[in-house]
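Reviewing the structure listed below.
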Amino acid sequence: QQQVKQSPQSLIVQKGGISIINCAYENTAFDYFPWYQQFPGKGPALLIAIRPDVSEKKEGRFTISFNKSAKQFSLHIMDSQPGDSATYFCAAAGGYNKLIFGAGTRLAVHP
Amino acid sequence: DGGITQSPKYLFRKEGQNVTLSCEQNLNHDAMYWYRQDPGQGLRLIYYSQIVNDFQKGDIAEGYSVSREKKESFPLTVTSAQKNPTAFYLCASSSPPGQVTGELFFGEGSRLTVL
């Protein structure tokens, strides 16, 4: 089964700091690499996504860095805020928009 | 407001019973998906459907069944054959069908507990 490996499992960051979450994938037949944010008791929501022919994408405080040769991508959250405390999932999207998700990272931003 | 409605939010079931989870969307999306979420394992695909009256197994379809009789509805039945059904179930949709965007719109989930 194709896998997406995500690390760390949990992360604690001080307010104003940078949160970094890493993912690695095994298959090259993916068309998009999205990141989802999930709050307790809610469904995940798309945060930001990148195509494999782009090395970096930035939206506000959120940046995806993509390394195609290493099959790795990461999410950087700049100036982390307590409201960013949530679980973050990386994913790889292939045919029929089926997503393979990483195991998730629980982020806690302390004031 | 457009979105995906899942019901019930919480459900308790005795072992050996089938249970059906409802998923309705008013986004006019053609594609719909069911994922299962377990702590520390991310989301895993159970079934997906690109058009009405057609659906495909995902990675963990054993013990589950679905139907797609209407575009806006994609119910999931958790059968007694599912060995470990206690989980958080998420329904999602996307559009247009067959196009890879990486974007799924999720409902708020149904938490099933088997007693």
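Order of the sequence lines sets the chain letters (A, B, ...), proteins ahead of strands, with each chain counted from 1.
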Original post:
Any chance the rings of B/Y33 and B/F74 have centres within less than 6.0 Å?
Top reply: no

Original post:
Using non-hydrogen atoms only, which part of B/Q37 is less than 4.5 Å away from chain A: side chain, backbone, both, or neither?
Top reply: side chain

**OP:** Might you confirm whether atom CD of A/Q81 has over 12 heavy atoms from other residues, nucleotides or ligands at distances under 6.0 Å?
**Re:** yes

Original post:
Most heavy-atom pairs under 4.5 angstrom with chain B, which of A/G94, A/G41, A/P34, A/G43?
Top reply: A/G43

**OP:** Measure B/L90 against the heavy atoms of chain A and call it side chain, backbone, both or neither at under 4.5 Å.
**Re:** side chain

Subject >> A/N67-A/S69 side chain donor-acceptor pair, cut-off 3.5 Å >> reply: yes

Original post:
Between B/L45 and chain A, which part of the residue has a heavy atom less than 4.5 Å away: side chain, backbone, both or neither?
Top reply: side chain

**OP:** Apply side chain to side chain donor-acceptor pair (under 3.5 Å) to A/Y88 and A/Q37, showing your working.
**Re:** CA-CA 5 Å; A/Y88 292 82; A/Q37 180 187 56; 2.9 Å; yes

Original post:
Any luck finding a side-chain donor-acceptor pair between B/H29 and B/S93 under 3.5 Å?
Top reply: yes

**OP:** Could you look at A/Y36 and say if it's the side chain, the backbone, both or neither that has a heavy atom under 4.5 Å from chain B?
**Re:** side chain

Subject >> A/W35 and its ring-ring contact (aromatic ring centres under 6.0 Å, His included) partner, picked from A/F66, A/F73, A/F101 >> reply: A/F73

Subject >> B/K71 and B/N28: side chain donor to acceptor below 3.5 Å >> reply: yes

**OP:** Tell me, for A/Y96 versus chain B, whether the close heavy atoms (under 4.5 Å) come from the side chain, the backbone, both or neither.
**Re:** both

Original post:
Is it the backbone or the side chain of B/Y35 that comes under 4.5 Å from a heavy atom of chain A, or both, or neither?
Top reply: side chain

Original post:
Can you say whether B/Q41 sits under 4.5 Å from chain A via the side chain, the backbone, both, or neither, judging by heavy atoms?
Top reply: backbone

Original post:
Looking at A/Q9, A/R106, A/K42, A/K98, which makes the most heavy-atom pairs under 4.5 Å with chain B?
Top reply: A/K98

Subject >> chain B contact via A/Q38 - side chain, backbone, both or neither, heavy atoms under 4.5 Å >> reply: side chain

